[in-house]
*Asks:* 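Okay, here's the structure, questions in a sec.
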Amino acid sequence: MSPIRSGHTRALVQRTLTTSVLAVLLASCNTTEPSATLSISADFEGASLDSWTLIGGDTVEISIRPDTNFPVGFWFAFQVHGGSGRELVSRVDDANSLYGPGTWGTKQPVASSDGGESWTRITETALPGGVFTFRHRPGSNLERIALAIPYPLSRWLNYKASIETAPFVDRVEVIGQSLDGNPIHMIEVTDAAEPDAGKSLIWAVGRQHPGEPEASFMMEGFIDWVLGSSAGATELRKRARVVLVPFLNPDGVVRGN
């Protein structure tokens with residue numbers, strides 16, 4: 001082997017260092033690489049999480065938080081920070097949960113990359129060893145994940161304000177306050193041009209179970225319908241007084257029970 005002169009050695013080292021620096025700079029500019037930091041928080045309206053643990057790679061174990069003054073629960077909603085570009089695997093430790101493997105197997109959580117404005121369903125779920133597991137790729141570095149699409153108290157209050165002066169809303173009343181001081185509303189809908197004598201009384205109550213946000217979406221749809229112009233709604237308002245208590249347990253929703 002021919003000896004390498006010192007001048008050649010310096011040139012070789014310089015070229016090697018230059019190549020290495022360029023490689024580092026190019027790697028640092030690669031925005032498709034996942035963030036080095038992955039964390040979870042539960043600090044938004046209706047969030048709920050007992051604890052979380054990063055158990056290797058991009059796999060996170062989350063623990064269900066028991067409800068207020070109750071030993072078990074089942075609702076979860078949390079935020080993932082730094083998850084963009086990762087293949088995130090979430091495992092649910094359901095030691096504190098009402099559910100068992102048979103029920104978890106039917107669940108498909110939801111995810112939002114825009115702060116809860118829109119949601120997509122997470123369909124890749126499994127039950128390895130009886131542990132409910134779901135997998136998805138967050139669309140942003142601040143991703144919300146929940147058991148179902150949340151319907152927070154703030155949405156109800158905004159919706160109520162939008163319909164309380166609508167035609168056929170006969171009365172809006174605060175019938176009480178929750179233990180945390182949140183108002184509980186009652187709304188009556190009828191055709192006031194028709195006498196009340198002989199009218200039926202129909203009650204519709206929703207969200208006594210805070211972890212079932214589907215009920216609030218159903219109630220919002222029912223109110224839209226009963227205030228609408230369809231033949232069925234028109235006839236119902238003539239024949240009945242419809243009494244609505246759409247958000248019976250606001251504290252449980254706010255607390256994430």
*Asks:* Quick check: closest heavy atoms across Glu214 and Ala148, and the distance to 0.1 Å?
*Replies:* OE2-CB, 3.8 Å
*Asks:* Return the minimal non-hydrogen interatomic distance between Ser97 and Ile64, and the atom names on each side.
*Replies:* CB-CG1, 4.3 Å
*Asks:* Evaluate the side-chain proximity of Val110 to Ile145: yes if any heavy-atom separation is below 4.5 Å, no if none is.
*Replies:* no
*Asks:* Is the number of heavy atoms from other residues, nucleotides or ligands under 6.0 Å of Arg65 CZ greater than 12?
*Replies:* yes
*Asks:* Quick one about His81 and Ser41 (side-chain donor to acceptor, distance below 3.5 Å, no hydrogens or angles considered), yes or no?
*Replies:* yes
*Asks:* For Thr59 and Ile55, indicate whether the former's side chain and the latter's backbone hold a donor-acceptor pair under 3.5 Å.
*Replies:* no
*Asks:* Ser113 and Glu143: side-chain hydrogen bond (donor to acceptor under 3.5 Å, both in side chains), yes or no, with the steps?
*Replies:* CA-CA 5 Å; Ser113 299; Glu143 184 96 342; 2.6 Å; yes
*Asks:* Where do Ile202 and Ala240 come nearest, in terms of heavy atoms and distance?
*Replies:* CD1-CB, 3.9 Å
*Asks:* Do the non-hydrogen side-chain atoms of Val80 and Leu38 ever get within less than 4.5 Å of each other?
*Replies:* yes
*Asks:* Using only atom types and a distance under 3.5 Å, with no angle test, would you say the side chain of Trp75 pairs donor to acceptor with the backbone of Gly46?
*Replies:* yes
*Asks:* If you apply the rule side-chain hydrogen bond (donor to acceptor under 3.5 Å, both in side chains), what do you find for Asp50 with Ser63, and how did you get there?
*Replies:* CA-CA 5 Å; Asp50 185 57; Ser63 296; 4.8 Å; no
*Asks:* Write down the atom of Phe76, the atom of Pro109, and the distance for their closest heavy-atom approach.
*Replies:* CZ-CG, 4.1 Å
*Asks:* Given Leu153, which of Asn249, Val254, Asn158 fulfils the side-chain contact (heavy atoms from CB on, under 4.5 Å) condition?
*Replies:* Val254
*Asks:* Could you tell me whether a side-chain N or O of Lys160 sits under 3.5 Å from a main-chain N or O of His185, the two making a donor and an acceptor?
*Replies:* no
*Asks:* Hey, any chance Met218 and Leu244 share a hydrophobic cluster, counting ILVMFWY side chains that come within less than 4.5 Å of each other, even indirectly?
*Replies:* no
*Asks:* Centre of Phe44's six-membered ring, under 6.0 Å away, within 45 degrees of the axis: is that where NZ or CZ of Arg144 sits?
*Replies:* yes
*Asks:* Do Phe168 and Thr190 have side chains that get closer than 4.5 Å, going by heavy atoms?
*Replies:* no
*Asks:* Would you say the side chain of Leu142 lies within less than 4.5 Å of the side chain of Gln79, judging by non-hydrogen atoms?
*Replies:* yes
*Asks:* More than 12 heavy atoms of other residues, nucleotides or ligands under 6.0 Å from CE of Met186: is that the case?
*Replies:* yes
*Asks:* Checking salt bridge (Lys or Arg N to Asp or Glu O under 4.0 Å) for the pair Glu124/Arg135: CA distance, chi angles, key distance, verdict?
*Replies:* CA-CA 6 Å; Glu124 193 173 344; Arg135 179 191 301 268; 3.4 Å; yes
*Asks:* Using a strict 4.0 Å threshold on nitrogen-to-oxygen distance, state whether Arg255 and Asp67 make a salt bridge.
*Replies:* no
*Asks:* Classify the ring geometry of Phe132 against Phe134: parallel below 30°, tilted from 30° to 60°, perpendicular beyond 60°.
*Replies:* tilted
*Asks:* Quick one: does Asp251's side chain get under 4.5 Å of Asn182's, heavy atoms only?
*Replies:* yes
*Asks:* Flag the pair Asp58 and Arg86 as a salt bridge only when some basic side-chain nitrogen lies within less than 4.0 angstrom of an acidic carboxylate oxygen.
*Replies:* yes
*Asks:* Can you list the residues that meet the side-chain contact (heavy atoms from CB on, under 4.5 Å) rule with Pro152, with sequence neighbours excluded?
*Replies:* Glu45, Ser154, Arg155
*Asks:* Parallel, tilted or perpendicular: which describes the rings of Phe217 and Tyr151, with under 30° parallel and over 60° perpendicular?
*Replies:* perpendicular
*Asks:* Going only through I, L, V, M, F, W and Y residues with side-chain contacts under 4.5 Å, is there a path from Ile122 to Ile62?
*Replies:* yes
*Asks:* Taking all heavy atoms of Gly83 and all of Asn141, pick out the closest pair and write down the distance.
*Replies:* N-OD1, 3.4 Å
*Asks:* So which heavy atom on Ala111 is nearest to which on His136, and how close?
*Replies:* CB-NE2, 3.9 Å
*Asks:* Can you confirm whether Gln177 sits close enough to Ile184 that some side-chain heavy atom of one is under 4.5 Å from a side-chain heavy atom of the other?
*Replies:* no
*Asks:* How about Val205 and Phe247: do any of their side-chain heavy atoms sit closer than 4.5 Å?
*Replies:* no
*Asks:* Assess, by modelled atom type and distance only, whether the side chains of Asp180 and Ser178 contain a donor and an acceptor separated by less than 3.5 Å.
*Replies:* no
*Asks:* Any non-hydrogen side-chain atom of Arg91 less than 4.5 Å from a side-chain atom of Val131?
*Replies:* yes
*Asks:* Identify whether Ile187 and Phe222 are in the same connected component of the hydrophobic contact network (ILVMFWY, side-chain heavy atoms under 4.5 Å).
*Replies:* yes
*Asks:* Flag yes if more than 12 heavy atoms outside Leu179 fall under 6.0 Å of its CG atom; otherwise flag no.
*Replies:* no
*Asks:* Going by an N to O cut-off under 4.0 Å, is there a salt bridge joining Glu87 and Arg137?
*Replies:* yes
*Asks:* Quick check: is Leu147 connected to Val72 through a chain of hydrophobic side chains (ILVMFWY, heavy atoms under 4.5 Å apart)?
*Replies:* yes
